[in-house]
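As the structure lists them, so they are numbered: ligands from 1, and atoms in each ligand from 1.
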Amino acid sequence: MYETIQYEVTNHVAVLMLNRPERYNAFTKQMHKEIITALKQAEKDSDVRCVVITGAGKAFNAGQDLGEVQSGEPVEFSALLRERYNPMVMQIQNMGKPVIAAVNGAAAGAGMSLALACDLRLAADNAVFSNAFINIGLVPDSGGCYFLSRIVGIGRALELALSGDKLHAAEAHRIGMVNQVYPAEQFAESVRVYAERLAALPTRSIGLIKKAMYKSLHMTLEEALEYEAYSQDIAGNTADHKEGVQAFFDKRAPLFQGK
Ligand SMILES: CC(C)(COP(=O)(O)OP(=O)(O)OC[C@H]1O[C@@H](n2cnc3c(N)ncnc32)[C@H](O)[C@@H]1OP(=O)(O)O)[C@@H](O)C(=O)NCCC(=O)NCCSC(=O)/C=C1/CC=CC=CO1
């Protein structure tokens with residue numbers, strides 16, 4: 001069904017693997033179309049309770065396929081971003097389920113932005129991030145400015161964006177850009193364990209936390225408190241909340257259904 005990605009659901013975890021390893025999984029028009037379709041599929045599928053985005057081969061994603069935009073035809077940059085990149089980022093943001101970037105190798109340009117747009121970042125110890133836009137005279141896009149400055153602070157974000165310097169997994173972890181780093185040899189298995197743990201949590205709460213957390217970035221305290229109260233009304237009426245409380249009194253582990 002897909003040509004440039006692979007999509008598979010196992011144990012409530014959807015793995016979306018970018019699959020153009022010979023081009024470091026760089027984005028093409030077709031790949032964007034398929035990523036957005038797969039993300040919508042994951043959103044709709046009630047069996048899916050966690051989404052993992054990763055790359056085939058040596059890289060996570062090297063950003064825009066530069067071959068595709070070097071045909072001689074003038075590139076409509078803003079149209080390209082609005083039609084292809086921005087909907088992908090918004091699909092991840094609006095997904096009521098956790099989305100993990102499993103960064104298995106190089107993440108450059110919009111590939112780094114894609115990782116930043118995900119809710120959590122797990123990295124193999126040989127992963128390298130590069131805000132490569134500056135190297136080709138562009139500016140970070142696909143949320144590259146928005147997320148980077150919020151995740152690592154404006155000073156570090158500017159340094160990375162202005163220099164285009166490579167950032168290795170260990171340093172990315174040290175500055176809080178990456179949540180966990182795992183040895184490359186056990187990366188796929190470590191990501192699976194992490195993702196399945198998330199998939200076993202109360203999914204509705206995760207969706208609500210995600211929304212409240214991102215919304216709080218541009219709210220006053222008063223608005224954020226109000227939004228938390230609104231979210232708690234929804235969470236408090238879920239079957240998973242009831243199960244959590246019951247399990248507490250039964251002195252057993254809760255068995256959440258994601259409902
Ligand atoms: C830092 C790198 C990602 C990895 O470096 P390295 O490990 O040394 O690997 P390489 O030898 O450079 O690359 C391996 C092969 O993959 C091909 N490749 C890599 N990146 C791309 C790409 N973006 N497009 C096409 N092909 C790519 C590379 O040519 C090699 O193939 P061969 O073995 O056949 O030679 C490093 O590769 C790197 O810096 N890549 C470029 C990063 C980059 O500039 N990305 C684009 C930024 S712009 C962007 O993402 C978004 C937009 C959006 C809108 C409009 C227009 C443009 O950009």
For ligand 1, indicate whether the residue F133 contacts it via side chain, backbone, both or neither (heavy-atom separation under 4.0 Å). side chain
Taking non-hydrogen atoms only, is D141 closer than 4.0 angstrom to ligand 1 via side chain, backbone, both or neither? side chain
What do you reckon, does [X] have a nitrogen or oxygen under 3.5 Å from a nitrogen or oxygen of ligand 1?
{"X": "R23", "value": "yes"}
{"X": "Q64", "value": "yes"}
{"X": "L66", "value": "yes"}

Protein heavy-atom partner closest to [atom] - residue, atom, separation in Å:
{"atom": "atom 47 (C) of ligand 1", "result": "I136 CD1, 3.8 Å"}
{"atom": "atom 1 (C) of ligand 1", "result": "K166 CE, 3.9 Å"}
{"atom": "atom 4 (C) of ligand 1", "result": "Y24 CE2, 3.5 Å"}

Quick one: do the T203 and R49 side chains pair a donor with an acceptor below 3.5 Å? yes
Do F27 and Y85 make the cut of ring centroids closer than 6.0 angstrom? yes
How long is the gap from CZ on R23 to CG on N61, to the nearest 0.5 Å? 13.0 Å
Protein non-hydrogen atom below 4.0 angstrom of [atom] present:
{"atom": "atom 29 (O) of ligand 1", "answer": "yes"}
{"atom": "atom 56 (C) of ligand 1", "answer": "yes"}
{"atom": "atom 39 (O) of ligand 1", "answer": "no"}
{"atom": "atom 36 (C) of ligand 1", "answer": "no"}
{"atom": "atom 20 (N) of ligand 1", "answer": "yes"}
{"atom": "atom 9 (O) of ligand 1", "answer": "yes"}
{"atom": "atom 33 (O) of ligand 1", "answer": "no"}

So is V75 in contact with ligand 1, going by heavy-atom distances below 4.0 Å? no
Taking side chain as C-beta onward, heavy atoms only, is N19 less than 4.5 Å from Y2? no
Can you confirm whether V15 sits close enough to T54 that some side-chain heavy atom of one is under 4.5 Å from a side-chain heavy atom of the other? yes
Could you state whether L81 and L116 fall into the same hydrophobic cluster, counting links through intermediate Ile, Leu, Val, Met, Phe, Trp or Tyr residues with side-chain heavy atoms under 4.5 angstrom apart? yes
Under a 4.0 angstrom heavy-atom cut-off, which atoms of ligand 1 come close to [X]?
{"X": "D65", "answer": "24 (N), 25 (C)"}
{"X": "G63", "answer": "50 (O)"}
{"X": "F77", "answer": "55 (C), 56 (C)"}
{"X": "L138", "answer": "48 (S), 57 (C), 58 (O)"}

Got a sec: does the CZ of R204 have more than 12 other heavy atoms crowding it under 6.0 Å? no
Residue E73 excluded, over 12 heavy atoms near CD under 6.0 Å: no
Going by the closest heavy atom to atom 43 (C) of ligand 1, which one wins out of G67, A59, A62, G109? A62
Judged by heavy atoms only, the candidate from G144, A108, S113, A110 nearest atom 50 (O) of ligand 1 is A110
Check [Y] with [X], please: is the shortest side-chain N to carboxylate O separation under 4.0 Å?
{"X": "K210", "Y": "D119", "value": "yes"}
{"X": "E34", "Y": "R84", "value": "no"}
{"X": "K215", "Y": "E228", "value": "no"}
{"X": "R174", "Y": "E171", "value": "yes"}

Test item: N104 side-chain N/O and A59 main-chain N/O as donor-acceptor pair under 3.5 Å: yes
